[in-house]
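One structure below.
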Number of protein chains: 2
Amino acid sequence: MATTQPAAVDRPPTIHDIAALCGVAASTVSRALSSPDRVNIRTRQRIEAAAAQLHYIPNSQAKALSSGRTGAVGVLVPDITNPFYFDLIRGTQLQLKAAGYTQLLVDTEESDEVEASTMEQLRKSADGIVVAASRLSDEALLAAAAKMPMVTVNRDVPGIPAVLIDTPSATSQALDHLISLRHTRIAYIAGPATSQSSTRRWAALSEAAEERGVEVRRLGPFAPKTQSGAAAADAAVHSGVTACIAFNDLIAIGMLQRLRERGIRVPEDMSIVGCDDIFGADFCNPPLTTMASPIEQAGRVAVSMLLAQLNPLAGGGTRSRSVMPTHLTVRGSTGPAPAPH
Amino acid sequence: MATTQPAAVDRPPTIHDIAALCGVAASTVSRALSSPDRVNIRTRQRIEAAAAQLHYIPNSQAKALSSGRTGAVGVLVPDITNPFYFDLIRGTQLQLKAAGYTQLLVDTEESDEVEASTMEQLRKSADGIVVAASRLSDEALLAAAAKMPMVTVNRDVPGIPAVLIDTPSATSQALDHLISLRHTRIAYIAGPATSQSSTRRWAALSEAAEERGVEVRRLGPFAPKTQSGAAAADAAVHSGVTACIAFNDLIAIGMLQRLRERGIRVPEDMSIVGCDDIFGADFCNPPLTTMASPIEQAGRVAVSMLLAQLNPLAGGGTRSRSVMPTHLTVRGSTGPAPAPH
DNA sequence: CATGAAATGACAACCGATTGCCAAAAACTG
DNA sequence: CAGTTTTTGGCAATCGGTTGTCATTTCATG
């Protein structure tokens with residue numbers, strides 16, 4: 001038994017083992033497994049049977065080295081612990097796995113330098129990258145995109161395919177919501193200065209405010225973490241507004257906590273609108289009115305666009321831009337403006 | 001110019017480019033960059049200068065192929081979107097990065113099959129793996145551990161190094177807390193049947209209950225998701241208990257939501273204790289009494305143990321087991337037992 | 001049955017590094 | 001200064017596949 005079974009070695013089987021078992025050349029095995037049409041069907045079946053028998057698993061390193069394709073895609077997010085990215089990551093992971101790719105997830109720690117060096121690193125070990133909420137400059141991004149296929153999420157740079165979450169338009173909805181509740185003094189709690197999402201949202205918001213004749217002031221920037229919510233809440237209270245539209249739910253939830261500490265009631269004294277509808281937005285106290293969108297889907301779309309870039313043959317004109325719809329989900333953190341004293 | 005400057009190509013530089021630039025053999029370059037002592041310091045400096053000038057970045061695939069070491073470590077978690085794993089992932093990521101390793105993060109979707117096939121896959125592309133809350137059998141885990149260095153988290157199998165989070169002992173604390181609040185009818189809301197954490201916790205809990213002469217019944221199993229909280233809450237109410245110790249915070253938060261819907265007050269009518277102190281446990285309504293532990297640190301420790309396995313030379317006896325302390329964090333979801341009518 | 005086209009399989013170079021082995025050079029010894 | 005030890009650098013094989021080239025086989029056709 002051991003004589004007819006060349007396996008039994010500890011080392012994982014290679015195509016050479018298969019070739020020996022079948023009495024063909026290693027190259028034939030390679031072709032049989034990758035471009036099945038180039039090989040006689042009977043031979044191919046023998047090879048496939050042998051591969052199955054040996055539990056053959058191709059060595060991805062070797063494959064990458066000789067073919068130039070790694071079968072991996074990098075996904076860069078600024079902060080793994082931000083729940084917003086959970087669903088995005090899950091979306092990319094599902095879509096990549098479905099296409100037989102591996103996901104390389106990297107936390108860039110909100111740092112442009114880490115982001116840049118990661119990209120350089122990934123240039124050799126990934127076929128393309130999905131970059132969420134990049135902190136890099138347009139120029140740096142374009143330079144990187146020239147070196148390897150890239151899709152951005154929530155970052156619009158001409159020439160780079162992107163998936164955008166349409167929070168700017170939802171911001172107008174939020175504004176209308178607040179106006180209908182008779183708020184007139186409203187603040188935008190800005191995100192990081194380097195976040196294009198925050199910039200675009202502010203642009204949309206201030207334009208909408210002007211159209212509607214209300215005043216919206218901008219506070220911040222604040223880091224997109226719950227801890228920043230305290231400072232944001234204090235700034236909002238100090239500025240005398242009765243409603244806030246926050247850059248994201250983390251900040252909004254942090255504000256809720258701080259306002260509670262200070263004895264300021266939400267929504268009676270102050271209304272809060274978040275953004276992203278992250279895990280927790282529905283069960284915080286009060287539940288958060290927020291702008292929701294299909295984040296997981298955004299992840300899937302981003303991957304689809306990237307894979308279309310990698311395999312141009314597979315039909316379908318490559319979309320270079322995809323905008324995910326967003327809608328306002330009204331919960332308990334917004335209410336009528338307090339009566340002026 | 002093009003004659004004296006071998007760079008200027010689009011293709012990334014290799015050690016051969018460096019070798020050509022310095023007039024030495026490629027192998028000398030390799031040695032100069034990896035084992036610096038084996039090469040003349042002046043030559044080395046020339047080589048280093050050339051490498052810097054060309055912006056040389058070693059090709060990790062090629063490195064892995066020829067050396068057998070990949071410089072990557074796989075991290076397997078059952079569910080990326082479970083906030084419990086955020087901190088764990090961040091911990092592993094930080095520690096790995098500090099040691100110059102890359103993290104390959106995989107969501108095994110609570111499936112033993114996905115977990116097993118992922119391990120097989122990773123065998124070629126990672127030097128070792130960290131497996132959190134494995135759903136595999138002891139035998140399968142041992143077999144996998146025999147093929148590649150492994151550290152488990154929250155899974156105790158003799159022969160495999162593990163980081164354990166000491167929730168069993170915290171469970172007793174939780175029980176004492178509830179007893180001191182005069183609860184006598186208490187339920188344990190069990191996690192997945194394949195979860196060893198759940199099993200170990202129940203063992204500790206039922207033993208402690210017996211010692212203290214109170215009755216604790218077991219309900220479930222339930223999937224570790226907020227959605228399961230509804231069923232868990234209904235089961236708890238139906239069973240007539242006044243307090244529950246839940247497998248994790250996700251279930252506990254789901255229970256809070258369901259109980260609120262049903263008009264059952266927490267903690268007046270029912271006390272709830274969670275586990276893990278995840279993101280959200282502090283701002284749900286009411287804030288959750290839960291068992292907290294240094295999860296990020298657990299991730300770091302797991303990676304340290306794995307790296308110690310990979311590089312046995314670097315001194316320090318290899319710990320094969322590390323237990324993370326846990327303590328009860330009392331918040332608003334637990335209170336005195338309702339007076340019997 | 002001869003002929004050409006199509007299908008198939010083998011050989012070998014190659015991807016970019018690592019590493020064992022050996023030779024040349026340098027430094028040291030007596 | 002000869003003889004020896006140590007240091008240093010280069011050659012070439014190797015990792016496990018991919019892929020271009022070419023020889024051979026197979027088959028249909030005239």
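What's counted below: heavy atoms across the whole structure, side chains too, no hydrogens, waters or symmetry copies. Within every chain, numbering begins at 1; the chains are lettered A, B, ... in the order of the sequence lines, protein sequences first and strands thereafter.
Looking only at atom types and distance, the side chain of B:Q103 has a donor-acceptor partner in the side chain of B:T92 under 3.5 Å away.
Listed by chain and residue number, B:D127 satisfy the side-chain hydrogen bond (donor to acceptor under 3.5 Å, both in side chains) test with B:T70 (two or more places apart in sequence, or in another chain). Residues meeting the side-chain hydrogen bond (donor to acceptor under 3.5 Å, both in side chains) test with A:N40, sequence neighbours left out: none. For B:A99, the side chain to side chain contact (heavy atoms under 4.5 Å, CB included) partners are B:Y101, B:L307, not counting sequence neighbours. Under the rule for a side-chain hydrogen bond (donor to acceptor under 3.5 Å, both in side chains), the partners of A:S304 that lie at least two apart in sequence or sit in another chain are A:Q95. Under the rule for a salt bridge (charged side-chain N to carboxylate O under 4.0 Å, His left out), A:R46 has no partner lying at least two apart in sequence or in another chain. A:D87 is linked by a salt bridge (charged side-chain N to carboxylate O under 4.0 Å, His left out) to nothing, counting only residues two or more places apart in sequence or in another chain. Under the rule for a salt bridge (charged side-chain N to carboxylate O under 4.0 Å, His left out), the partners of B:R90 that lie at least two apart in sequence or sit in another chain are A:D79, A:D107. Applying the salt bridge (charged side-chain N to carboxylate O under 4.0 Å, His left out) rule to B:R69 yields no partners; only residues at least two apart in sequence or on another chain are considered.
In 5' to 3' order, the nucleotides of DNA chain D bounding all contacts with chain B (an atom under 4.0 Å from a heavy atom) are D:dT8 to D:dG16.
Annotation: salt bridge (Lys or Arg N to Asp or Glu O under 4.0 Å) contacts involving residues 296-309 of chain A, sequence neighbours excluded, comprise A:E296-A:R300.
The terminal axes of the helix from C:dC1-D:dG30 to C:dG30-D:dC1, fitted over 5 pairs per end, subtend an angle of 40° to the nearest 10°.
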Contact letters for nucleotides 17-24 of chain C, in which S counts primed atoms plus P, OP1 and OP2 and B counts the base, heavy atoms under 4.0 Å: BBBB----
